[in-house]
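All values derive from a computational prediction rather than experimental measurement. Computed over heavy atoms, backbone and side chain alike; hydrogens, waters and symmetry mates excluded.
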Amino acid sequence: MAVSMRDLDPAFQGAGQKAGIEIWRIENFRPVPVPKSSYGKFFTGDSYVILKTTALKSGALRHDIHYWLGKDTSQDEAGAAAVKTVELDAALGGRAVQYREVQGHETEKFLSYFKPCIIPQEGGVASGFKHVQEEEHKIRMFVCRGKHVVHVKEVPFARSSLNHDDIFILDTKSKIFQFNGSNSSIQERAKALEVVQYIKDTYHDGKCEVAAIEDGKLMADAETGEFWGFFGGFAPLPRKTASDEDRTVQSHTAKLLSVEKGQAKPVDADSLTRELLDTNKCYILDCGLEVFVWMGRNTSLDERKTASGAAEELIRGSDRPKSQIIRVIEGFETVVFKSKFESWPQTTNVAVTEDGRSKVAALLRRQGLNVKGLAKAAPAKEEPQPYIDCTGNLQVWRVNGQEKVLLPASDQSKFYSGDCYIFQYSYPGEDKEEYLIGTWIGKQSVEDERVSAVSSATKMVESMKFQATQACIHEGNEPIQFFSIFQSFIVFKGGLSDGYKNYIAEKEIPEGTYTEDGLALFRVQGSGPDNMQAIQVEAVASSLNSSYCYILHSGSTVFTWAGNLTSPDDHELVERQLDIIKPNLQSKPQKEGSESEQFWELLGGKSEYPSQKTAREPEGDPHLFSCMFSKGNLKVTEIYNFTQDDLMTEDIFILDCHSDIFVWVGQQVDTKNKLQALTIGRKFLEHDFLLEKLSREAPIYIVMEGSEPPFFTRFFSWDSAKSSMHGNSFQRKLTIVKTGGTPTVDKPKRRTPVSYGGRSSSVPDRSQRSRSMSFSPERVRVRGRSPAFNALAAAFENPNARNLSTPPPVVKKLYPKSVTPDSAKKSAAIAALTASFEKQPPPARETIIPRSVKVSPPTPKTTPTPDPNSKENSMSSKLESLTIQEDAKEGEAEDEEGLPIYPYERLKITSTDPVSEIDVTKRETYLSSEEFKEKFGMKKDSFYKLPKWKQNKLKMALQLF
């Protein structure tokens, strides 16, 4: 489409160069910029053009243009607004979606720009009206409709305006009343309260009372009586009468019309397909409520204006004031438009160029104007961040049929592609322990074990009263949070579970499970020591890639191979992974292009291989949807320009980030629907509502209200106090409105952390996030433990002898949960540690690997013993009994405090016959006095006089914590 200066209105020059909203009012048929201070203020006698510019993650700018028509605007003004919208689109390169907005029937997208609402004022410029001047406050009444955005309309101040279906706001001089019709929903009532707050702030300077009146309560309280007093006393409400505005426009079978010489002519076709649309023409797709104008890339500006006029005439002639006109450009069609066609190709052969944009930029540049915004912005390159504290505690189970097997710490990061795993990660939150419980589904795993893994994880979350985040992760689609938690992660071929073994035996598939002495090739990848993976691939030359490093071993022969496109950081990761996979063998380094014959022989000979990395699915621009799930059918509604306030506690929402999705579940959702959350997430991936080619194996997070993790809340301006409030959505917002905007909660507001890899607003550098920042052969990396305990664990460790010219292994050793040294060494170490308690705490930083750097208030030297009846300990107890062992026997005796006594072997966390129904945070209290003194080397009263951190180190050494 050719662009000339006569097509560019001077008012539009420089528009759309940065994210935000720009508004013009039509005056004498020309656009005049509206001051920012007047944004959201519309007059019924005027027409406006509104430009919304959005900066996408790709660096591009997306434009949506709306033209708003007041109910009293003239037909000429409305026509001018429609034409100027087409001109503005041309100035922006001809890619914007254009919407016709009629007062009282605006689209949800348009209203989302001006949350919580717009309340048009009487008056207008071009229509000859004078704007209404400020005067003495008069009583006004409004009707509010909408669950996600609110349509507000002023109605006559009379009893006859009220009904049982809607919500009404009565604005008096000293008090604002909200009348809730008995048939209105909780969500609609909550949204209407946002309008009350807007009226309070805008027209009363935030200084007036607010009252909620429930339909049917009669004269139950003073405020109800006061409300009805404005109407001369209570009387039954009349039935709601259907008006023209209440009449819905019925959608009908879509009709395609071709616009030729200003006339819309039906297109004869049995079905709607993309092939019917000619790039040299404009078309109208009439769907009833929605009327689309499709404009081919090769059409002229005048042809586009003519097609827009034909659409206006179509709805005006058929008396359809509610119908919305949406104009789309070829190659930039909306998802809704595409969905009207029976077939729409994933990619269309359209020559999408920068022609329009560059020509406009050239014209403006000649005038000396800034045209930076007309060029596509460069994509922002930034390393993905985990947004989670990586110093917590990890437990992993391998699924074996219908059972799960707890893995020792040394094997927690070693997964097999033929198996499924369950992991539980606890980490410090802002005022409590947070939990992430997830499943990892191997590519070669069997269906029965996949179902068992998800079922077990769901039961674990349910046992915690849904206060944990749940994740479902498929091999090859792991998110950054997963890799950061595991830090060093290895995937072997084959499987160890009975389900996998039975499957390959039944199908007569050759056994391919990894063995230490066999032939194996590993691709090494990652961004650093706190995020590195080794993935076993087929041991053939075609598995190599110039952008990666590899480890190849066969028996005692080990090679490392570095592609020509790899960096020194990649080479370091290979050495680290080598220390885990083959810690006692010296490798033979190979550089791409200078490999030995033996190397190629092990791979079966040379062959071609790729050189570029496979790009991981990027995180997309987030979209929020409300969900309705019934009888296996999922219906979603997109919420535009979303905020935390859009999350209603009665509902389920999906946050779609393309690379992964979050299913947010409100506290008021019933248990049955909470258990359907994962199914809802899978249905969403299956339907791919935005046609964005979502992977059906994208990670799914189930996020419960009140326990939102930082990698979810980062998409909002988050206030933890709001999600911790009690009551339904209406009750919560009524509390906020009445208390001046401050949420009231039963528990203290969560503290804001200073810095760690997650909840803080700024992301620390990687040195702060890493749990392994320096190296020494004697050091043992212990997840989230203190220096004293690390020193104790190091005393039990026998480091492998190896060539010290390479970095040492960085292996998680969660001693003592998974390692049992001989009793003599343990007793000696405990005795040494006990003796050290009489001295100053050891400055042992030089003998351990420091944990993540976290700035926090100083911890008191002594802390009280936690209350065994506290919610936190109760939850830990339930979780421990569920996930470790079950069905223990009763004790045989009681101690002097009235507690039952159990032998040490049954109280250990690694016991094969554990005790149930005990406080798992105070296992030592169930020991007899004699056995307590034997194990701890002191009496109970002396033990409890020690600082809490010292108590815990002894308990951990004895496997009682």
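Between the CE atom in M532 and the CD atom in Q487 there is a gap of 8.0 Å [rounded to 0.5 Å]. With rounding to the nearest 0.5 angstrom, the CG atom of L694 is 6.0 Å from the CG atom of L685. I422 CD1 to M460 CE: the interatomic distance, rounded to the nearest 0.5 Å, is 6.5 Å. If you take CG on N502 and CG on D448, they are separated by 10.5 Å, rounding to the nearest 0.5 Å. Between atom CD1 of residue I551 and atom NZ of residue K582 there is a gap of 11.0 Å, rounded to the nearest 0.5 Å. Atoms OG and OH, from S497 and Y416 in turn, are 11.5 Å apart once rounded to the nearest 0.5 Å.
Comment: E538 engages K493 in a salt bridge, judged by a side-chain N to carboxylate O separation of less than 4.0 angstrom.
Annotation: Y514, atom OH; neighbour count of heavy atoms from other residues, nucleotides and ligands within 6.0 Å is above 12. Residue-environment remark: CD (E511) exceeds the threshold of 12 foreign heavy atoms within 6.0 Å.
In this structure, the side chains of K613 and Y548 come closer than 4.5 Å at one or more pairs of heavy atoms. Y503 has its side chain within reach of I509: a pair of non-hydrogen atoms, C-beta onward, lies under 4.5 Å apart. Contact check for Y701 versus L655: no side-chain heavy atoms found under the 4.5 Å cut-off. Side-chain contact check for L603 versus L544: some heavy-atom pair is nearer than 4.5 Å. Within the 4.5 Å cutoff, no side-chain heavy atoms of S596 are placed close to those of K588. Between L407 and R398 the shortest side-chain heavy-atom distance falls below 4.5 Å. Put simply, the side chain of R523 does not reach to within 4.5 Å of the side chain of S543, judged on heavy atoms. Counting heavy atoms from C-beta on, the side chains of F662 and C657 come closer than 4.5 Å.
In the model, N531 has a side-chain atom that pairs as donor or acceptor with a side-chain atom of Q533 under 3.5 Å. Judged purely by distance below 3.5 Å, without hydrogens or angles, the side chains of Q577 and S488 pair a donor atom with an acceptor atom. Inspection of the E592 and S546 side chains reveals an N or O donor paired with an N or O acceptor under 3.5 Å. Between the side chains of D389 and T391, at least one donor N or O lies within less than 3.5 Å of an accepting N or O.
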Next item on the list: List the steps and the verdict of side chain to side chain donor-acceptor pair (under 3.5 Å) for Q470 and T458.
Entry: CA-CA 8 Å; Q470 184 176 353; T458 301; 3.1 Å; yes
Next item on the list: Would you sort out whether T513 and Y500 count as a side chain to side chain contact (heavy atoms under 4.5 Å, CB included), showing the intermediate values?
Entry: CA-CA 10 Å; T513 300; Y500 175 78; 3.8 Å; yes
Next item on the list: Using the side chain to side chain contact (heavy atoms under 4.5 Å, CB included) rule, take L552 and Q590 through it: C-alpha gap first, then chi angles, then the decisive distance, then the call.
Entry: CA-CA 10 Å; L552 173 65; Q590 306 283 299; over 6 Å; no
Next item on the list: Could you walk me through whether I388 and C390 pass side chain to side chain contact (heavy atoms under 4.5 Å, CB included), step by step?
Entry: CA-CA 6 Å; I388 189 171; C390 299; 4.1 Å; yes
Margin query: Is there a side chain to side chain contact (heavy atoms under 4.5 Å, CB included) between T566 and V574? Walk through the geometry before answering.
Written below: CA-CA 11 Å; T566 57; V574 167; over 6 Å; no
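A donor-acceptor pair is defined here as one N or O able to donate and one able to accept, closer than 3.5 Å; no such pair exists between the side chain of D498 and the backbone of N400. Not one N or O on the side chain of Q536 forms a donor-acceptor pair closer than 3.5 Å with the backbone of A534. Checking side-chain atoms of E475 against main-chain N and O of I441 turns up no donor-acceptor pair under 3.5 Å. Although no hydrogens or angles enter the test, the distance criterion places a donor-acceptor pair under 3.5 Å between the side chain of H553 and the main chain of G518. The main-chain N or O of G476 is found under 3.5 Å from a side-chain atom of E478 such that the two form a donor-acceptor pair.
In this structure, W561 has its ring center closer than 6.0 angstrom to the ring center of Y609. Residues Y421 and F423 keep their aromatic ring centres 6.0 Å or farther apart.
The minimum heavy-atom distance linking S452 with V399 is given by the pair OG-CG1, 3.8 Å. Counting all heavy atoms, side chain and backbone alike, G418 lies closest to E449 at O-OE1, 4.5 Å. The two residues G495 and K501 come nearest to each other via the heavy atoms O-CE, 4.3 Å. Nearest heavy-atom pair, G681 versus I661, reported as atom, atom and distance to 0.1 Å: O-CD1, 3.5 Å. Among all heavy-atom pairs drawn from A698 and S659, the shortest one is CB-O, 3.7 Å. The shortest non-hydrogen separation linking S554 to L602 is CB-CD2, 3.9 Å.
The aromatic rings of F486 and F482 lie tilted to each other, with the angle between the two planes from 30° to 60°.
A cation-pi arrangement is not found for K414 relative to F492, the charged atom failing to lie both closer than 6.0 Å to the ring centre and inside a 45° cone about the ring normal.
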